[in-house]
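Below: the structure, in structure tokens.
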Amino acid sequence: MQPQYQPAAIEQQVQKEWADNKSFRAIDASHKPKFYCLSMFPYPSGKLHMGHVRNYTIGDVLSRYYRMRGHNVLQPMGWDAFGLPAENAAMANHVPPAKWTYDNIAYMKKQLKSLGFAIDWDRELATCRPDYYRWNQWFFLRMLEKGLAYKKTGTVNWDPVDQTVLANEQVIDGRGWRTGALVEKREIPMYYLAITRHAEELLSSLDRLPGWPERVKTMQANWIGKSFGVRIAFPHVLDGKPDKLWVFTTRADTIMGVTFVAVAAEHPLAAKAAKRDPALAEFVEACKRGGVQEAEIASQEKKGMPTGLFVEHPLNGQKIEVWVGNYVLMSYGEGAVMGVPGHDERDFAFAWKYGLPIRQVIDFEGRPYSMHAWQSWYADYGVCVNSGKYDGMSYERSVDAIAADLKAKGLGEKQVTWRLRDWGISRQRYWGCPIPIVHCGSCGDVPVPDDQLPVLLPEDCVPDGSGNPLNKRPDFVDTACPKCGKPAKRETDTMDTFVDSSWYFLRFACADQHASMVDERLNYWLPVDQYIGGIEHAILHLLYSRFWTKVMRDFGLVKLDEPFTRLLTQGMVLNEIFFRKSDAGRIEYFNPGDVQFEMDSQGKRVGALLLSDGKSVESGGIRTMSKSKNNGVDPQTLIDQYGADTARFFMMLASPPEDTLAWNDEGVKGQYNFLRRLWKFAHDNQALIRDEKERGVDGVAKDTRHHLHQHLRQATFDYERKQFNTVATATHKILNLLEGDAVALLPPVARSVLLREGMAILLRLLAPITPHIAQALWRELGFGADILEASWPEVDEAALVQDEIDLVLQVNGKLRGNIRVARTADRAVIERLAIQNPNAQKHIAGQTVKKVVVVPGRLVNIVV
RNA sequence: GCCGGGAUGGCGGAACUGGUAGACGCACGGGACUCAAAAUCCCGCGGUGGCAACACCAUGGGGGUUCGAUUCCCCCUCCCGGCACCA
């Protein structure tokens, strides 16, 4: 056995054995319970970042833990390989996105292997391969047949200089990222998937996902946004003919407080009014300028303009003016809202700005109401007031009554409305899955027949930033109509990459199947037992995957309602930002690795200096690691310097998996030292640990065994609840215990028994987190050939029982000492001992004891 | 703006169902070993007062429930994630 810990040699050796033995190949059948453990597949951006290392370490720890607990584990890996960054890299380096992507995959695969992840590489897939994306196309055609995929116009960001559709990410402060031109909204035809048809089930089946975090389920429920309300018509006369302006509201109880109606800039009524009013036309156009991002639209200043049109209040016939409001969304409800400034904050701000009347129609138990300042409780539910026949009614009663009255007049009805919109999947980009449609002059849009799939994406394009490069490829675009055979053009839009990631978890069960999208092996492996990925995917990716699964189920392709049984959403990895601002106002960012800190004598940081010139830099707070802020840390440096085990161990120790993790280089060395200490301790005591003579543990170092088994119980409990930082802590505590004086002073036989037991526990607790060193020591110390096959250590309940326990002594809830009592001591004895305690006496000091609270096994509190 | 989450020493974090706040680690300070350095080992380490025993204060801020609150309830501040074309 080597006296020194040599991670590079150990890790290479152990990884070679795993590869030679195909240790992580998942078998499609077993008497053991199956465990499908999946981490979200990476986008091959170049090299692994810390978020990847964290994500895949969590997944690997769970995979290895469940394997040791007797499960047949599948942990696959693939590549989310289509996407925008490949096109950006292509423009910057004049390399085709395909080559860039495949090179990145090769490098990142090497990195994943060097981290020792227990992955079944035989099932690897990449979404940019035709044998994967052909099934996107095939399934899209099935959805088209069923009407679940359809064509309609949608709004996109348009760069007028480059004549290109921009992703939201490419719009910076309302301007195109390359041209700096002001971005416009533009309507273009797109394909949509009818996810709203599944809204009800996507919402209701969240209740059948107990293994999902509540916050993710809440976010999804809010995103789907089921609202119960009333659809209300405001009658008016338009071009001499009677017409109705429809609005949707969840607060029909406030209808008598309506003082205006506002429509979206895209609303037909706005267009009509704009024809007669150039100022209004200008305003409507101004609203249409700018990007399509909801955050941008919703946070802009509320602006409006009257249309000069009037409608009638549906219940009292009052004349109400119609406004155009930039805060009204065309995509939600009717694209028009009734304005109730008395009880809606946005309407209040709007009315205040334009001098529209504000009317109180809800009473809040007589609390004083002022129309000069908004109070957050004005939007609460209450009782109708100033509302004629509805006065005194509660929310439910007034809504029922108002809906009934509106229905009788043909001016409204109760309605359920969803916030969820259908999923637009058309992208005007090159590096994605082609949409299998041919546009024929005679036959229109013709689906590509199944036997002509896949529609292959040419892999040698180099985009230049203007338009979609596929439009410049006659070899791709020009084709024959599958129906009539005449010359026709291929659709050049590609699919949203969320399509690729909406079903890849199914494909891992049958990655070698080329005759069909999925096969019967899915029935064994699916659903995914544990899914792990970033919290930033809590809504879109997870919702689309749930939707896709349900559609595949409806088509009879899979037998599952939900794809992911348990979900762990890991927190983001953050790092501090350092910068200098030049006189010209330009900001230069510096990598935290190039910055050194000045400390005071207490170790408190007082300044930050750039290593290269020794001058100070400013701190810009802590953000997610990104290229633009130059605050990323390359995990490869860490692996090269300390080895995979240290990188993995530190990642798990630093923070609970679901919390954000602020990067801190300093701690890494400490964990490397721990593994070195472990190795040295094992080396120095190998003779004692190896000694296998049959010896009982009865009466051996009772106190130490008590602590050992307490740590084991805690660590196992923490594995189960996936709090790996305290598992790592427990391994520290065990090594501290084994190294401590209590053990060193034992006679050799007792020491040998204890060290052997302690080490056997410690190595198995470490095996999921630091598998290489655990395997090496397991073998060196003679516990067995392969720790992968070892079973989980069992807690010795007898070791946990103590004869005497310490109770916390409190007076009026304040700590005043401890008392030691027998395990079996009854309440009366504890009370007497507590009151007699000299320190307690000091604080009771003449006051009367009102009562004594005894929490068995924990504390006693004297109340005076 | 809307939805979700978070805030505990110099730092990462711990505290299981409301029961000793700061486990464990890092950083820092002191000491041992060494010609020296590294490595290693030992001691200290929330704040204030005190020689000490100890006392008081302290879990973002304010209020409440309780014998007892980091934990439960209400209000506020700041930070992070998502907002449908980044993945």
Side-chain angles (χ1 to χ4, degrees), chain A residues 40 42-43 45 80 83-85 154 156-157 165-171 214-216 218-219 221-223 225 292-300 302 327 331 345-346 376 419-421 423-424 426-429 496-498 501 534-541 543-544 571-572 574 599-605 621-624 650 653-656 658-664 666-671 673-674 676-677 680 714 717-718 721 723 725-726 728-733 736 806-815 817-818 839 850-853 855 858-859 861-864:
Chain A
M40 289 180 187
Y43 177 77
S45 54
D80 189 11
L84 199 52
V156 294
N157 302 304
V165 174
L166 297 178
N168 282 336
E169 190 190 49
Q170 298 171 319
V171 179
E214 279 308 317
R215 62 168 161 162
V216 174
T218 307
M219 279 192 261
N222 290 338
W223 184 264
V292 299
Q293 286 173 69
E294 191 192 320
E296 189 191 327
I297 294 163
S299 56
Q300 67 196 0
K302 313 256 170 303
Y327 69 102
S331 54
E345 191 171 0
R346 283 179 312 178
S376 61
R419 211 187 75 94
L420 184 68
R421 309 199 294 260
W423 174 14
S426 294
R427 298 290 180 268
Q428 298 69 43
R429 311 206 187 292
D496 180 5
T497 55
F498 275 122
S501 56
I535 183 67
E536 68 274 19
H537 296 291
I539 294 175
L540 292 181
H541 161 61
L543 192 65
Y544 292 146
M572 318 260 310
L574 315 177
M599 305 285 194
D600 68 8
S601 60
Q602 265 93 57
K604 215 182 278 185
R605 204 173 97 190
I622 295 172
R623 293 281 161 76
T624 54
F650 177 66
L653 180 88
S655 189
E658 308 213 350
D659 288 9
T660 50
L661 188 159
W663 187 253
N664 166 25
E666 303 290 353
V668 181
K669 221 172 123 191
Q671 302 329 308
N673 286 342
F674 169 76
R676 282 210 321 200
R677 230 175 83 205
K680 188 168 182 306
Q714 185 67 45
F717 177 71
D718 288 341
R721 64 170 171 162
Q723 188 174 295
N725 56 322
T726 46
T729 293
T731 62
H732 274 135
K733 289 178 179 172
N736 287 349
D806 285 319
L807 292 184
V808 169
L809 175 60
Q810 294 182 335
V811 178
N812 281 351
K814 292 207 165 190
L815 175 68
N818 288 285
N839 206 34
K850 267 203 267 177
K851 70 171 174 178
V852 180
V853 180
V855 183
R858 267 249 150 79
L859 63 67
N861 186 16
I862 302 165
V863 186
V864 300

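Chain identifiers are assigned alphabetically (A, B, ...) following the order of the sequence lines, protein sequences preceding nucleic acid strands; residue numbering begins at 1 within each chain. Scope of the values below: all heavy atoms of this structure, side chains included, with no hydrogens, waters or symmetry mates.
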pair_partner(B/C26), Watson-Crick or wobble, both distances < 3.5 Å, evaluates to B/G10

For A/Arg419 and A/Asn222, work out which heavy atoms get closest and say how close.
NE-O, 3.5 Å

Which of these nucleotides, B/G82, B/C67, B/A39, is closest to any side-chain atom of A/Val863?
B/C67

Rounded to whole angstrom units, what separation is found between the NZ atom of A/Lys733 and the P atom of B/C24?
6 Å

Between the base of B/G19 and the side chain of A/Gln810, is there any donor-acceptor pair under 3.5 Å?
yes

A/Thr497 side-chain N/O to B/A87 phosphate OP1/OP2 under 4.0 Å
yes

Can you say whether a donor on the side chain of A/Gln428 sits under 3.5 Å from an acceptor on the base of B/C85, or the other way round?
yes

Which value, in whole Å, describes the distance between the P atoms of nucleotides B/U77 and B/G29?
41 Å

Would you call the rings of A/Phe650 and A/Trp663 parallel, tilted or perpendicular, taking 30° and 60° as the class edges?
perpendicular

Touch class at under 4.0 angstrom, heavy-atom based, for A/Pro42 against every strand present:
nothing

Quick one: A/Glu296 CD to B/C2 P, roughly how many Å, whole number?
17 Å

To the nearest Å, how far apart are A/Phe650 CZ and B/C11 C1'?
11 Å

Which sits closer to the 5' end of RNA chain B, A/Val668 or A/Asp659, going by the nucleotide each is nearest to?
A/Asp659

In whole Å, what separates the P atom of B/C75 from that of B/C3?
13 Å

When you check the phosphate oxygens OP1 and OP2 of B/G81, does a side-chain N or O of A/Arg215 lie under 4.0 Å from one of them?
no

Map A/Arg346 and A/Arg429 onto RNA chain B by nearest heavy atom, then report which one ends up closer to the 5' terminus.
A/Arg346

Is the A/Phe674 ring parallel, tilted or perpendicular to the A/His732 ring (thresholds 30°, 60°)?
perpendicular

How many whole angstroms separate atom CD of A/Glu169 from atom P of B/G82?
11 Å

Of all the choices, B/A39, B/A15, B/C67, which nucleotide is nearest to the side chain of A/Gln723 once you look at every atom?
B/A15

For A/Ser655 and B/G13, is the shortest distance between a side-chain N/O and OP1 or OP2 below 4.0 Å?
yes

So if I take every side-chain heavy atom of A/Val808 and compare against B/U20, B/G1, B/G25, which nucleotide ends up nearest?
B/U20

So A/Ala295, base contact, sugar-phosphate only, or nothing? Heavy-atom distance under 4.0 Å.
base

Between CZ of A/Arg677 and C1' of B/A39 the distance, given in whole Å, is 14 Å

Taking only the side-chain heavy atoms of A/Asn168 (C-beta and beyond), determine which of B/A15, B/C86, B/U20 contains the nearest atom.
B/C86

Check whether any side-chain N or O of A/Asn168 sits under 3.5 Å from a backbone N or O of A/Val292 as a donor-acceptor pair, and report yes or no.
no

Minimum heavy-atom distance A/Leu84-A/Glu169, with the two atoms named:
CD2-OE1, 4.0 Å

Is the side chain of A/Asn861 donor-acceptor paired with the backbone N or O of A/Gly813 at a distance under 3.5 Å, no angle test?
yes

Quick one: is B/A39 close enough that its OP1 or OP2 comes under 4.0 Å of any side-chain N or O from A/Asn673?
no

Which nucleotide in the set B/C67, B/A23, B/A84 lies at the smallest distance from any side-chain heavy atom of A/Thr729?
B/A23

Is A/Asn736 close enough to B/G25 that one of its side-chain N or O atoms is under 4.0 Å from OP1 or OP2 there?
yes

Hey, is the side chain of A/Asn861 pairing donor to acceptor with the base of B/C67 inside 3.5 Å?
yes

Is B/G13 in the syn range, within 90° of 0, or in the anti range?
anti

Taking the minimum atom-to-atom distance to the side chain of A/Leu815, which one of B/U20, B/C24, B/G19 wins?
B/U20

Less than 4.0 angstrom from a charged side-chain N to a carboxylate O is my criterion; do A/Arg421 and A/Glu294 meet it?
no

So, is A/Lys814 near the phosphate of B/A21, with a side-chain N or O under 4.0 Å from OP1 or OP2?
no

A/Asn725 has its side chain closest, among B/C85, B/A14, B/A84, to B/A14

Please state how far atom CG in A/Leu859 lies from atom P in B/A15, giving the value in whole angstrom units.
18 Å

From the set B/C24, B/U20, B/C16, return the single nucleotide nearest to any side-chain atom of A/Phe717.
B/C16

Checking B/A87, B/A39, B/G1 against the side chain of A/Glu536 (C-beta onward), the nearest is B/A87

Within the 4.0 Å heavy-atom criterion, would you say A/Glu214 contacts the bases, only the backbone, or no part of the nucleic acid?
nothing

Separation of atom CZ in A/Arg721 from atom P in B/U17, rounded to whole Å
8 Å

With a non-hydrogen cut-off below 4.0 angstrom, is A/Gly225 in contact with a base, only sugar-phosphate, or nothing?
nothing

Euclidean distance, atom CD of residue A/Glu658 to atom P of B/G4 [Å, nearest integer]:
17 Å

Which nucleotide in the set B/G25, B/A15, B/C86 lies at the smallest distance from any side-chain heavy atom of A/Pro85?
B/C86

Identify the heavy atoms of A/Ala728 and A/Leu653 that sit nearest to each other, and give their distance.
CB-CD1, 3.4 Å

